Amino acid sequence: MNVKNNIQLQPYNSFRTKSVAKLFCEPQTEQELSEILQSYANEPKLILGGGYNLFFTKNFDGLVIKPGMKGIKTLSENDEFVEIEAGAAEDWDNFVAHCVSHGYSGTENMSLIPSTVGAAPVQNIGAYGTEVKDVIVKVKAVEITSGKSAEFSNDECEFEYRNSIFKRTRNYVITSVVFRLSKSFEYKEKYVDLSHELEGILSPTLPQVRDAIIRIRTRKLPDPEVLPNAGSFFKNPILMKEEKEELLRLLPDAPIYNAGHDGFKTSAAYLIEKSGYKGKRKGNVGTYERHALIIVNYGTENGKEISDFVQEIQRKVYHQFNIELEPEVWIF
Ligand code: EPU
């Protein structure tokens, strides 16, 4: 059991803010994880994946757990489908590359999302009309409070837009995920931007779709290794009918998508842009010039500076459009 003391978390979060964790571990197996959970039962716990979706505003007086389980293996296959299990610590985009290179379809629209395999189900990552819930069969985890193993079927994960049982309860450490992928591929339009990028190609292949997504994302989104950020900072707001109509009175061109359950999704990036906050910089923090939904860190190590800017955007959007922006990113 390898638990370290006083570890600087700056390298472990993509915003690169400073924070010291009292205790830190990287369990390599489910058994090691289980033993640690039982030995440190009374410590507050925080689970870190790639650290692409959280940042720190203060030190953490507890145990940080970064799952270290690796490996990608095929569990079963027939003519049409393959079931693959991947360890929580696997890099998400490497996993997508693995699937695409084997001709397995289902994850390609989620190319280049900064994540680990274990973090992907937590907020049900998604892009270009696909969510990770569409390809998950099972999630294997260990319960934090008991240290016992647990398995979740797709239904039991209670997936929603950028949400799941794992995010809601924060009581599980995901150790591996089982995916069901298709051995055939036929491009279906789910997102106009992607179809534009593929224009001129009669029937795009799996690698062509992956490459197109990589091109779109590279053009629009900053590389966290170059300009620290956490991807989309806010969720796209879901509005009820009256709220949607109120918004359209103020902004007749606001993008509106049907979100099911009588809800309508609008674009947080659009609202931020219309509030005058696209490409705006304040001190060491700002919104990205090419995408208003991305908050970028130009050099602060103090998470408080980022959270102050976040609140300023929230106040501004609320004041102008009466809509509350909810962060997708966790602020500790
Ligand atoms: N838009 C603006 N201003 C901007 C950028 C976008 O007005 O600066 C408007 C445009 O009208 C555009 C619309 O917003 O048509 C949607 O923009 P985009 O296609 O970039 O998608 P998004 O809704 O901003 C979501 C996900 C992304 C995902 C993309 C593509 C959320 C919170 N974000 O962004 O996910 O890559 O769709 O599918 O749902 C992430 O979660 O970290 C992430 C990057």
Side-chain angles (χ1 to χ4, degrees), residues 9-19 46 48-60 92-93 110 112-116 119-120 122-128 161-163 167 193 216-238 251 254-255 265-321 323-332:
L9 297 174
Q10 193 177 28
Y12 297 107
N13 75 97
S14 64
F15 262 124
R16 299 281 178 257
T17 62
K18 275 195 166 164
S19 164
L46 190 155
L48 260 185
Y52 295 112
N53 212 45
L54 54 82
F55 69 96
F56 303 95
T57 55
K58 53 183 178 301
N59 291 341
F60 184 67
W92 172 257
D93 192 58
M110 293 174 278
L112 219 62
I113 293 186
S115 181
T116 54
V122 178
Q123 63 146 348
N124 184 22
I125 60 168
Y128 306 103
Y161 169 61
R162 295 295 187 272
N163 211 348
K167 186 162 176 175
D193 276 10
I216 301 176
R217 291 189 73 98
T218 316
R219 261 200 319 263
K220 275 212 300 209
L221 308 174
D223 180 351
E225 297 300 327
V226 180
L227 196 52
N229 73 86
S232 298
F233 198 94
F234 300 100
K235 292 187 197 178
N236 283 326
I238 314 272
L251 293 172
K265 199 187 273 182
T266 188
S267 156
Y270 179 86
L271 298 177
I272 296 169
E273 185 170 338
K274 292 293 163 191
S275 309
Y277 269 76
K278 183 171 182 169
K280 184 158 176 152
R281 178 169 174 172
K282 230 184 155 185
N284 283 311
V285 191
T287 51
Y288 192 48
E289 60 202 11
R290 275 180 262 158
H291 204 302
L293 197 50
I294 318 290
I295 292 184
V296 290
N297 178 1
Y298 291 104
T300 186
E301 293 181 325
N302 178 2
K304 182 78 176 38
E305 213 178 315
I306 301 173
S307 60
D308 285 349
F309 186 66
V310 167
Q311 284 165 15
E312 184 178 321
I313 294 179
Q314 285 174 309
R315 276 197 302 272
K316 186 82 183 176
V317 168
Y318 185 73
H319 180 73
Q320 274 193 247
F321 306 117
I323 291 176
E324 277 181 43
L325 290 183
E326 191 191 331
E328 180 191 292
V329 172
W330 279 349
I331 304 172
F332 286 98

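Source: prediction; values computed, not measured. Sequence positions, counted from 1, serve as the residue numbers for this chain. Below, each value reflects all heavy atoms present in this structure, side chains not excepted, and no hydrogens, waters or symmetry copies.
- Taking every heavy atom of both residues into account, A230 and V329 meet most closely at CB-CG2, 3.8 Å.
- Note that CD of Q314 and CG of L325 are 6.5 Å apart. Values are rounded to the nearest 0.5 Å.
- Here the side chains of I295 and I313 are in contact, with some heavy-atom distance below 4.5 Å.
- Put simply, CD on E328 and CG on L293 are 7.5 Å apart, with the number rounded to the nearest 0.5 Å.
- The nearest pair of heavy atoms linking V296 to P222 is CG1-CG, 3.9 Å.
- N229 and L227 get closest at one heavy-atom pair: ND2-O, 2.9 Å.
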Would W330 and Q123 satisfy side-chain contact (heavy atoms from CB on, under 4.5 Å), going step by step from the backbone distance to the final call? CA-CA 11 Å; W330 279 349; Q123 63 146 348; over 6 Å; no
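- For the residue pair H291 and L221, the shortest heavy atom distance occurs at CD2-CD2, 4.1 Å.
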In sequence, state the C-alpha distance, the side-chain angles, and the governing distance for L251 and L271, and then conclude on side-chain contact (heavy atoms from CB on, under 4.5 Å). CA-CA 9 Å; L251 293 172; L271 298 177; 4.1 Å; yes
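- Note that CG of N297 is 8.0 Å distant from CD of E305, once rounded to the nearest 0.5 Å.
- The backbone N or O of P228 sits nowhere less than 3.5 Å from a side-chain atom of S14 that would complete a donor-acceptor pair.
- Considering every non-hydrogen atom in both A268 and F234, the closest pair reads CB-CB, 4.3 Å.
- Closest approach of L48 to G51, counting heavy atoms only: CD2-CA, 4.1 Å.
- A heavy-atom distance below 4.5 Å is not found between the side chains of Y277 and K282.
- Taking the side chain as every heavy atom from C-beta outward, I238 and K265 approach each other to under 4.5 Å.
- Between S267 and K274 there is no side-chain heavy-atom pair separated by less than 4.5 Å.
- K18 contributes atom NZ, which lies 10.5 Å from atom OG1 of T300 (distance to the nearest 0.5 angstrom).
- In this structure, Y161 and N236 have side chains that are in contact, with non-hydrogen atoms separated by less than 4.5 Å.
- Here CZ of F55 is found 9.5 Å from CG of N302. Values are rounded to the nearest 0.5 Å.
- Checked by atom type and distance alone, the side chain of W92 pairs as donor or acceptor with a backbone atom of M110 at under 3.5 Å.
- Side-chain contact between P327 and F233 is present, with at least one heavy-atom pair separated by less than 4.5 Å.
- The distance from the CG atom of N59 to the CZ atom of F332 is 14.0 Å, given to the nearest 0.5 Å.
- When atom types are taken as modelled, the side chain of R281 and the backbone of T287 share no donor-acceptor pair closer than 3.5 angstrom.
- A salt bridge links K220 with D193: at least one charged nitrogen is closer than 4.0 Å to a carboxylate oxygen.
- Without hydrogens or angle criteria, T17 side chain to F56 main chain gives a donor-acceptor distance under 3.5 Å.
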